[in-house]
Protein chains: 2
Amino acid sequence: MTEPHTWPTGRLLSVAARLVEHSWQRFLATRDLTHAGLIVLHLLADGPCSQRSLAQSARVTDQTMSRTVERLHRAGYVSRDADPHDRRRTIISVTGEGREVHAEALRAEREDPQVLGAVQDYEALRGQLVELVMSLGVDRAVDLRPPAEPD
Amino acid sequence: MTEPHTWPTGRLLSVAARLVEHSWQRFLATRDLTHAGLIVLHLLADGPCSQRSLAQSARVTDQTMSRTVERLHRAGYVSRDADPHDRRRTIISVTGEGREVHAEALRAEREDPQVLGAVQDYEALRGQLVELVMSLGVDRAVDLRPPAEPD
DNA sequence: GTCAAACGTTCAGCGGGCTGAACAATATCC
DNA sequence: GGATATTGTTCAGCCCGCTGAACGTTTGAC
């Protein structure tokens, strides 16, 4: 059971995620950024956005997004302004520096064959992951497993 | 950029991992277990093992494994004994209860079509993940990215 | 206008990754 | 034997997920 091919799929995914994210460490650390912040910059590329919809798009809780945005703001990559129409809301916009570092990241990922080149059909893998995320991520609130025989 | 298919692959993997792990929550919570503990039970199925090699097999640091094993021990799923031949080492063995809950988990994963059934070719996905983990995970210590133009 | 419900955000605290540093036990070199 | 690695584990502390609870704002029922 010590070989990966016998592992539960969830574990396989999380280990793979950490390995890939680890390969970004040097890039991110030198820019006072983490991958949690990076995906926010990615999501903001289309334009400003409320913090809540940011959380929903990124598939994290509002609380987690709150903290991530706070760090991004401290690093100078996003700005936070109150929505004049609904003062509960905070509108997040990317700054020039944020746009810059995001562009760098996109370039780095595109020119990054050595890390993920190990996988035979990289695009197929991505396709299946997208499928998985889209089908399971539509409503994170639901309980995916049935009551599960309560012993 | 708000659609998953444009996300960095690392993010895709970690979101997918969380979604799949989330689907195990009910199973695990009712058994005082987490997926970090579950993979340890999985690795111990072949027999007892030092804590360090457990960490290496699971692709986590010794420190993380130390904490995970401590929780498993508190839950009564593993026992920890000093190695008589090398008193630095702690030998971890699974208990009867541990073996039981692991068997339940294996059964649950096998009978679990609805969660991951969304993916077209589930086995192919697993195969690619295994490939990724094996090729990147052989030596976690190496820096995978080159020096990355230091500005 | 007022009260209650819903919404958006934050605070507190936990699990699970990580790094860096400390420590005991072992191995090695003289 | 004694000084010096090296190994296995743990402690402190960080980031990023999570839940539960609190707070202010808005909306809606009355």
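The chains referred to below are lettered A, B, ... by the order of the sequence lines, with proteins before strands, and numbering in each begins at 1.
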key: A:Met65 CE to C:dG8 P, straight-line distance once rounded to whole Å   = 14 Å

message = So, does B:Arg59 get its side chain near the phosphate of C:dC18, meaning an N or O under 4.0 Å from OP1 or OP2?
response = no

message = What is the separation between atom CZ on B:Arg18 and atom P on C:dG15, rounded to the nearest whole Å?
response = 18 Å

ask   = Think A:Gln51 has a side-chain N or O under 4.0 angstrom from the OP1 or OP2 of C:dT10?
value = yes

request  = Taking only the side-chain nitrogens and oxygens of B:Arg71, find out if one of them lies under 4.0 Å from OP1 or OP2 of C:dG16.
outcome  = yes

query = Mind checking whether A:Leu41 and A:Leu33 have side chains closer than 4.5 Å, heavy atoms only?
reply = yes

message = How many whole angstroms separate atom CZ of B:Arg87 from atom P of D:dT10?
response = 15 Å

ask   = Among A:Arg80, A:Arg89, A:Glu70, which one satisfies side chain to side chain donor-acceptor pair (under 3.5 Å) with A:Gln51?
value = A:Arg80

ask   = Does A:Ala36 or B:Ser66 map to a spot on DNA chain D nearer the 5' end, using the closest nucleotide for each?
value = B:Ser66

remark   = Taken to the nearest whole Å, NE2/B:His85 to C1'/D:dT7 is 17 Å

request  = Grab the CZ-C1' distance between A:Arg88 and D:dT27 for me, whole Å please.
outcome  = 7 Å

task = Quickly work out the B:Asp86 CG to C:dT26 C1' distance and round it to whole Å.
result = 6 Å

request  = Calculate the interatomic distance between B:Gln56 atom CD and D:dT9 atom P; express it in whole Å.
outcome  = 10 Å

ask   = If you measure from NE2 on A:His5 to CD on B:Glu123, what distance do you get to the nearest 0.5 Å?
value = 11.5 Å

ask   = Atom CZ of B:Arg74 and atom P of D:dT10: how far apart are they, to the nearest Å?
value = 13 Å

key: Whichever of B:Arg52 and B:Gln63 has its nearest DNA chain D nucleotide further upstream toward 5'   = B:Arg52

message = As an exercise, state the distance from CG of B:Leu125 to CG of A:Leu129, rounded to the nearest 0.5 Å.
response = 6.0 Å

Test item: B:Arg31 and B:Tyr77 side chains (from C-beta on) under 4.5 Å apart, heavy atoms = yes

message = If you assign each of A:Ile92 and A:Arg67 to its closest nucleotide in DNA chain C, which residue comes earlier from the 5' end?
response = A:Ile92

message = Mind checking if B:Ser14 touches a base, just sugar-phosphate, or nothing, with heavy atoms under 4.0 Å?
response = nothing

OP1 or OP2 of C:dG15 under 4.0 Å from side-chain N/O of B:Thr34 = no

inquiry  = So, does B:Thr61 get its side chain near the phosphate of C:dC18, meaning an N or O under 4.0 Å from OP1 or OP2?
reply    = yes

ask   = Under 4.0 Å: is that the gap between some side-chain N or O of A:Thr64 and OP1 or OP2 of D:dC18?
value = yes

note = Sorted by position of nearest nucleotide on DNA chain C, 5' first, the leading residue of A:Ser53 and B:Asp83 is A:Ser53

